[in-house]
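Because only heavy atoms are used, hydrogens play no part in the values below, and waters and symmetry mates are left out as well, while side chains stay in.
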Amino acid sequence: MTDKNKISVTKEKQMKYNTVIIGGGLAGLTAGATLSKFGKKVLLLEQHHKPGGCATTFKRGDFIIEVGLHEMSGLAENSSIRDLFKMLEVDKNVQFEQVPEFYAVLSEKGDFVFPHGFKTATKALIERYPEDEKGIRKFMSLIAGIRKEGTRLPRTPLKRKLIYPLMPLLYPSLVEASRHTVGSWLDKYITNENAKLDLVAHIGYWGDDPYTLSMFYFGMPFSGFVESGGYFIKGGSQQLSNHLAAYIEQQGGTVLLGKKAEKILTENGQATGVTFRDRFNESIEPVTISCDNVVANCAIPMVPDLLDEPHASSLKQKLNTHTNSCSLLCIYLGFKGNLEPFGVKYYSNFIQGTDVKTLKDVHPNQLDDWSKRSFIFVDYGKIDAQLAPPDKSVGAICGVDYLKDWEGMSNDEYKAKKEEVAEVLLQRLEKQFPGIRESIEYYEVATPKTIQRFTSNPSGSVYGFTQSKEQSGTKRLRNNFLIPNLYFASAWTFPGGGFEGSIMAGFLAALQMNRDKIWTECDANRLVDDRIVKLLNRRAIDESKIELSFEKPKEFKYKNGQFTILNLLEPKVTELDLPYRWLPIDSSAEEDSLRFQIELDDSSFSKSCELVDIGDEAMIF
């Protein structure tokens, strides 16, 4: 593509793309990358200054902090995800590290380690609960069947309707699972309450209540973890998000960060375009792009605000009976060293609440005080996560939480409660692993309010709609259920939340769009981001500081000292760092360039700033 095909965002008021994707979470990125691979001209809009949604990282001191990924399922050889990753060249650019075991349950009854592999896991469960051997084998058979049958279930409603009478014969595991919640199935086939609790220890990865969580949805990823193990992305999940965004652009598409959709335009019952504006500079006029179709990767409950009538009311009516999933509370931790000296033996450690004795106690416990609530502690140092220097490590505490518990507070009250909850959980971590607290160099609390602010998910719901029997499987919203060329792909749609679920949601939507053939010809013109500017000058201020001068982005308004994001597009050093910083602008608003002072330290960002050449590009938000 030549420069003459690139048109400024601020100049262009009307342009044509095949597809406009609203949201740069994993489903949106996967849909965009897949459609780009199919030769479609794609524009992806993401309101944040980096792609990924919950699949992102941030930098704190020496640590890269992983926002959402503990371990992902679905990476068995020849699986759909593996094949997709090969098609999109993820396998060549992103490294995956298998975690040592699925999880470990730490309790007064002694540690129970849930290993990888159906045979090994079955053996470990039966050795611990021999009286439930029959039920355990039935459980393992069921979840294996759910995954096997689920991957070959017809995708079109017509085919599913035609085979409906034969479902019990062709898909016995899916039929059985669709009739049960996790709780009802376990109560029917498992007698020992401790065995049930061990099986749902990581329920927080999918929901908060075994008696509302669909057995179908629970079984799909659970069997994936057992079959091929869980995996972490080296360097953090941002690596995957960055690759998918780059792939879209390499295939001729456009990814615009810091851009928020304001309106999905419709005409004669069809989506015809999207209007968006700059989230960081609202004084810039909105831009409208016409398109053949639209993908809503944003939370479905947010979409009515983007639509005109009658579509807005129609969607609201469809959503009236839907309930949102729980949220999460996370404490991100940076440690001064390895955690083995404190007795941390496993990668993912489940610390059960003190008042959880039976399966029926699980959900009430999620509503209890944090001094009693169950939580998970992940030690990323158990693998080559590449999140910290060799002599340090990163961890995370994670538990089910709810936005309602964080609303109606002043800023001071909110901060005080965060510290109060952190203190309780860190004390409990210290009790479990004596001495570990002295090793904490950094911690930070993210609440459901944090998740809502950064992802715009109502209620901070990380899994979209609750995965109940009524809202999972073939009953879950999917694809173009509202307007023929408006597609939905996110944790809120089929198959559901989590990394594997979101990736598959994007892929399945792209496949459906490709089959629907709602396409017209597009020219080679594409938008370019006016916030991408070139380096004009670099000079040393003293031994500890340099100054970088960049072109000023068009329509960029600011005051001296205002903080902005300086993102180096091709950093020369990337080890254990991210390519951007929030920095104060050192130049006055009247100057034609933007000047930044960079403190020289041992960070890769600092080193990249020292090595940047005149003409190298950066993005400024």
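Under the rule for a side chain to side chain donor-acceptor pair (under 3.5 Å), E249 has no partner lying at least two apart in sequence or in another chain. Under the rule for a side chain to side chain donor-acceptor pair (under 3.5 Å), T34 has no partner lying at least two apart in sequence or in another chain. Looking at residues two or more places apart in sequence or on another chain, you find a side chain to side chain donor-acceptor pair (under 3.5 Å) between S456 and Q47. Taking the side chain to side chain donor-acceptor pair (under 3.5 Å) definition, one finds that S472 meets it with S214, sequence neighbours left out. Partners of D83 under the side-chain contact (heavy atoms from CB on, under 4.5 Å) rule, at least two apart in sequence or in another chain, do not exist in this structure.
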Given side chain to side chain donor-acceptor pair (under 3.5 Å), test D516 with Q512 step by step and report yes or no.
-> CA-CA 6 Å; D516 289 346; Q512 181 66 50; 2.7 Å; yes
Report the C-alpha distance between Y205 and E71 in whole Å, list the side-chain angles of each, state the deciding distance to 0.1 Å, and finish with yes or no for side chain to side chain contact (heavy atoms under 4.5 Å, CB included).
-> CA-CA 10 Å; Y205 281 2; E71 51 187 305; 3.9 Å; yes
Derivation and outcome, side chain to side chain contact (heavy atoms under 4.5 Å, CB included), residues S327 and L403 = CA-CA 7 Å; S327 188; L403 181 64; 5.7 Å; no
Give the intermediate values and the outcome of side chain to side chain contact (heavy atoms under 4.5 Å, CB included) for residues Q366 and Y402.
-> CA-CA 9 Å; Q366 313 286 20; Y402 306 89; 3.7 Å; yes
Just do the salt bridge (Lys or Arg N to Asp or Glu O under 4.0 Å) check on K607 and D577 with the steps written out, would you?
-> CA-CA 11 Å; K607 294 173 182 176; D577 209 342; over 6 Å; no
Might you work through the side chain to side chain contact (heavy atoms under 4.5 Å, CB included) test for T447 and K418, ending with a clear yes or no?
-> CA-CA 8 Å; T447 71; K418 286 171 68 175; 3.8 Å; yes
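Side chain of R279 to backbone of H48: no donor-acceptor contact under 3.5 angstrom is found. Proximity of a side-chain donor or acceptor of Q471 to a complementary backbone N or O of T323 within less than 3.5 Å is detected. With hydrogens and angles ignored, the 3.5 Å screen pairs no side-chain donor or acceptor of E500 with any backbone N or O of M72. Formation of a donor-acceptor pair under 3.5 Å by the E617 side chain with backbone atoms of I532 is not found in this model. For the pair N457 (side chain) and V462 (backbone), a donor-acceptor distance under 3.5 Å is absent. No side-chain donor-acceptor contact under 3.5 Å links D529 to the backbone of L256. Distance alone, capped at 3.5 Å, is enough to place a donor-acceptor pair between the K417 side chain and the D405 backbone. With hydrogens and angles ignored, the 3.5 Å screen pairs no side-chain donor or acceptor of S241 with any backbone N or O of Q238. For T466 (side chain) and N324 (main-chain N/O), a donor-acceptor pair under 3.5 Å exists by modelled atom type. S79 places a side-chain N or O within 3.5 Å of a backbone atom of G74 that can act as its donor or acceptor partner.
Taking every heavy atom of both residues into account, T56 and P51 meet most closely at CG2-O, 3.2 Å. The shortest non-hydrogen separation linking K37 to L88 is CB-CD2, 4.2 Å. Contact between Y103 and A201 at its shortest, heavy atoms only, is CE1-CB, 3.7 Å. Between T493 and R476, the shortest heavy-atom contact is O-NE, 3.0 Å. A pairwise comparison of heavy atoms in C609 and L568 identifies SG-CD1, 4.0 Å as the closest pair. For the pair S348 and V378, the tightest heavy-atom approach, listed with the atom from each and the gap, is OG-CG2, 4.2 Å.
T455 places a side-chain heavy atom less than 4.5 Å from the side chain of C54. L339 is listed as a side-chain neighbour of I436, based on a closest heavy-atom distance under 4.5 Å. Side-chain contact between L387 and F232: present, with at least one pair of heavy atoms (C-beta onward) separated by less than 4.5 Å. Side-chain contact between L240 and I503 is present, with at least one heavy-atom pair separated by less than 4.5 Å. Here the side chains of Y346 and K382 are not in contact, with every heavy-atom distance at 4.5 Å or above. Taking the side chain as every heavy atom from C-beta outward, R531 and D278 approach each other to under 4.5 Å. At least one side-chain heavy atom of M302 sits less than 4.5 Å from a side-chain heavy atom of P458. Proximity of I351 to I397: side-chain heavy atoms (C-beta onward) are nowhere separated by under 4.5 Å.
Remark: aromatic rings of F222 and F102 are close, center separation under 6.0 Å. Taking the ring centroids of F114 and F225, they lie at or beyond the 6.0 Å cut-off. Here the two rings, on F96 and F85, have centers that are under 6.0 Å apart.
Pairs engaging residues 222-234 under the salt bridge (Lys or Arg N to Asp or Glu O under 4.0 Å) rule: E97-K234, R147-E227, K234-D384 [sequence neighbours left out].
The local environment of CD in E262 is crowded, with over 12 non-hydrogen atoms from other residues, nucleotides or ligands closer than 6.0 Å. Heavy atoms of other residues, nucleotides or ligands lying less than 6.0 angstrom from CG of D391 number more than 12. More than 12 non-hydrogen atoms from other residues, nucleotides or ligands lie less than 6.0 angstrom from CD of E407.
Just one residue in the list K50, Q239, E66 forms a side-chain contact (heavy atoms from CB on, under 4.5 Å) with T57, and that residue is E66. Applying side chain to side chain donor-acceptor pair (under 3.5 Å) to Y17 and the options T254, D292, N293 leaves one that passes, T254. A side-chain contact (heavy atoms from CB on, under 4.5 Å) with I22 is found for exactly one of L43, V303, N297, I264, namely I264. Residue F488 is tested with L477, N479, I300 for a side-chain contact (heavy atoms from CB on, under 4.5 Å); the sole match is I300. Shown are Q251, Q250, K41; of these, the side-chain contact (heavy atoms from CB on, under 4.5 Å) with S36 is made only by Q251. With V295 as the partner, the side-chain contact (heavy atoms from CB on, under 4.5 Å) test is satisfied by one option alone out of N480, L486, I21: I21.
Classification of the Y247-H243 ring pair by plane angle, with boundaries at 30° and 60°, yields tilted. Relative orientation of the F280 and W582 rings is tilted, given thresholds of 30° and 60° on the angle between their planes. Using the six-membered ring where Trp is involved, F218 and W206 have ring planes that are perpendicular, over 60° apart on the 30 and 60° scheme.
Salt bridge status for R373 with D401: present, with a side-chain N to carboxylate O gap under 4.0 Å.
Stacking of K449 on the aromatic ring of Y414 is recorded, both the 6.0 Å distance cut-off and the 45° axial limit being met. The cationic atom of K40 (NZ for Lys, CZ for Arg) does not lie both less than 6.0 Å from the six-membered ring centre of F38 and within 45° of the ring axis.
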